[in-house]
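Numbers here are sequence positions counted from 1. Only this structure's heavy atoms are used, side chains among them; waters, hydrogens and symmetry mates stay out. Source: prediction; values computed, not measured.
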Amino acid sequence: MKDDDRPLPDAPEADDVAWPEQAGLHLFLELTGDLICVLDRQGCFVRVNPAFTRILGYDPDELLGRSAVEFVHPDDWVLTRRTISENQAAQVPTFEFENRFLHKNGPHRWMHWRCAPVGSAGMLFAHGIDISERHIKEQVFPGRRSLLEQTQRLARMGGWELDLSTNRPIWTSEIYRMHEVDPDYIPTLQEAINFYEPESRVILGDAVERATRTGEGWDLELRFRTAKGNLLWVRTVGEVSFDATGKPTRLTGTFEDITRRKQAQWDREELDRRIQHAQKHESLALLAGGVAHDFNNLLLGIIGNADLALLDAGDDRTLRTRMEAILQTAGQAGELCKQIQAYAGRGAIALRAVNLTTLVEEMSRLLEVGLQRNTSLRFRFALDTLPVEADPAQIRQVILNLMANAVEAMIGAGGVVTITTGMLKLDDSDAERLHGASPLRPGPFAFVEVADTGVGMDAPMIARIFDPFFTTKTNGHGLGLAAAQGIVHRHGGAIRVESRLGGGTSVRVYFPAIAVTDEDGADVGDASGEQRGFRDLGTVLVVDDEPAIVQTAGETLRRAGYRVLTAPDGREAIRLVAREQGGIDLVLLDVTMPVLDGRQTLRHIGEIAPDLPVILSSGHARHDVLRDFDGLTVGGFLQKPYRATDLIGSVHKALEQSRFRRQSPSGAGMQ
């Protein structure tokens, strides 16, 4: 008889234990894939089925009569013994536990045991299932699941599935997080769609309908609002599955939060726009500056010859009237040229401490003059504004330009213009809503605001109002706001524009505030405009590459009693200074010339005749020109286009200063 066929020991009483001897039970023990065994009171095997060999590698002879605990993993001995003894003592009908059972030829196996005590002899019937694979999955899958969830969270992407037979979406945990709903939330299909913004629902619905009809998937970027009201941009990708008959059965896809990516894209586009705008402004500024320079030279020829003709007119009233008209028109052209230079950032500028409130108060009567009959002007002044470092004349120009636009916006309908001054702090974050504020120096800013109740503007118009030559006026030249922006930017300031159609417009201009005021210094080169009686007239060398300027300036000075020498460029000027050996009393020197420019020419003249006074002449601003001449002695500055009286006054002033320096060795020239 084989060991696994030996009969069970006789039971003490027939009714305590009854082992069926039917052939069916024997066949079951032979064929079942699970472990079946019987243990005696001492926990030793008294019967095992063939599955022990298949699953654990042991022949029945290796197990029978031996304690089952010998084959249990040592770490599980205590738990196994305690579980069996406690349940037998409690006389429970069945109990279950898990442990690791040693394999004969390999690693241990995880087993799930279901046990039943048999009769009063203390025997134990046990049924074992190999759960090793399940146990491995339970250990590995949570780690993988955790890794997958962490990856989805970092990528801000989740997965979803929709069974078309139930119309119930299934979401991964990351999608719940992005929707900002509880994990136990079970959405319907319509509820899931309603998270999208209305226009996005239409796009998504069309894509799903097309997918179920044609099998074409979708990849869309849509606007989406969470359960808590937060607006997101999401990328949803989906595809459809069909059964054997071609019927769509399932939609599957991904859901990704791309809000940060979208914001970065918008930031890049905004930066590109600002760079392009700055490049456009720089290109136009260079062009405008060049045009203004050449235009100034032409105007100087016109004004100079008109001045000379006016001197020759004598008592001829008709000729004098026409010459004065020419001079008036040329003066208006000069003002237009100054606006072009202001846009280009090259207008004349003389910085000093300016209180904007005081400045506007002083302008109040002038501002009221430009009002229409059905408009009124109100002021709202802050009393504690800090001063700004600015050119008062240019700030007045900005305010007048804004005032003119405000009045123009209310023609016919009437309304109110309100001018406000105040203080606030700005930083780099404010640059996004300001014009001409990059880079913006953080700190306190004083502002003046001009607001009207006129027709207002839409966004496309606001985007263009600072473009040169853009205007909505029938008789405007489109340089007012462009010039204002150039002036403000040059002062380190910024402009904020707020407007809506039918709701009026407010333009606020910011200037960096300063803690202390500066004393107002004298501007060398300013002339009284009145021709004085001259003494000790001398020789003036006029250096300019424009023949018309040389001719008119020379003629003007000759009529004033000066001897005049002329030179078309710097090289000829240097030759004449060296030749005359002190015979030249003053040089009128153009800054921009071919061959040698003004700086190079002045440096060479200084080496030959260190005490020779030189007046610089340019269409550019005084402080811009003198910045390039740092370290060189300059006797004065004359900005083109100038009148004859300005020229004569500047020459006289420079000569008198030169005589004073010669008489007083400690005197210093203008740097």
Side-chain angles (χ1 to χ4, degrees), residues 197-200 202-203 221-223 231 233 262-288 339-340 342-345 375 398-418 420 426 429-438 440 447-489 493-510:
E197 291 290 276
E199 69 277 8
S200 296
V202 176
I203 298 172
E221 294 182 357
L222 303 173
R223 292 204 310 162
L231 185 62
W233 273 91
K262 277 285 188 181
Q263 187 61 52
Q265 176 185 340
W266 296 330
D267 290 343
R268 287 194 300 270
E269 291 173 353
E270 176 62 17
L271 179 60
D272 289 342
R273 187 194 65 78
R274 293 173 72 90
I275 291 174
Q276 291 173 3
H277 178 77
Q279 291 174 339
K280 171 186 173 183
H281 181 276
E282 183 179 1
S283 299
L284 288 172
L286 289 173
L287 175 62
Q339 288 190 317
I340 296 176
Y343 168 74
T375 60
V398 170
I399 296 172
L400 287 172
N401 286 347
L402 298 182
M403 183 69 183
N405 286 339
V407 172
E408 179 77 17
M410 298 185 297
I411 286 182
V416 178
V417 179
T418 304
T420 306
L426 297 179
S429 63
D430 296 304
E432 297 180 0
R433 57 188 179 90
L434 302 177
H435 296 269
S438 180
L440 183 70
F447 69 83
V448 57
E449 178 184 275
V450 178
D452 64 68
T453 58
V455 295
M457 299 178 289
D458 56 15
M461 185 178 294
I462 293 175
R464 297 192 60 193
I465 58 175
F466 293 105
D467 291 345
F469 307 112
F470 173 78
T471 182
T472 58
K473 301 177 183 178
T474 56
N475 60 346
H477 49 64
L479 282 172
L481 286 178
Q485 185 185 38
I487 292 171
V488 172
H489 183 74
I495 303 177
R496 188 204 68 187
V497 179
E498 292 184 351
S499 184
R500 60 183 178 87
L501 286 175
T505 301
S506 69
V507 182
R508 179 176 288 188
V509 182
Y510 300 93

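Checking side-chain atoms of Thr420 against main-chain N and O of Glu449 turns up no donor-acceptor pair under 3.5 Å. Formation of a donor-acceptor pair under 3.5 Å by the Ser200 side chain with backbone atoms of Arg223 is found in this model.
Pairing each heavy atom of Asp452 with each of Ala406, the nearest pair is OD2-CA, 3.6 Å. Summarising the geometry of Val488 relative to Tyr510, their closest heavy-atom pair is CG1-O, 4.0 Å, with the distance given to 0.1 Å. Taking both residues in full, the closest heavy atoms of Ser506 and Ala451 are given as CB-CB, 3.8 Å, listed atom of the first, atom of the second, then distance. Ser499 and Thr505 make their closest contact through OG-OG1, 2.7 Å (heavy atoms, listed as atom of the first residue, atom of the second, distance).
Side-chain atoms of Leu222 and Glu197, non-hydrogen and from C-beta on, never get closer than 4.5 Å to each other. Two residues are said to be in side-chain contact when any heavy atoms from C-beta on lie closer than 4.5 Å; Leu501 and Met461 fail this criterion.
With salt bridges taken as basic N to acidic carboxylate O contacts below 4.0 Å, none links Glu498 and Arg508.
Here the CE atom belonging to Met403 is positioned 12.5 Å from the CD atom belonging to Glu408, to the nearest 0.5 angstrom.
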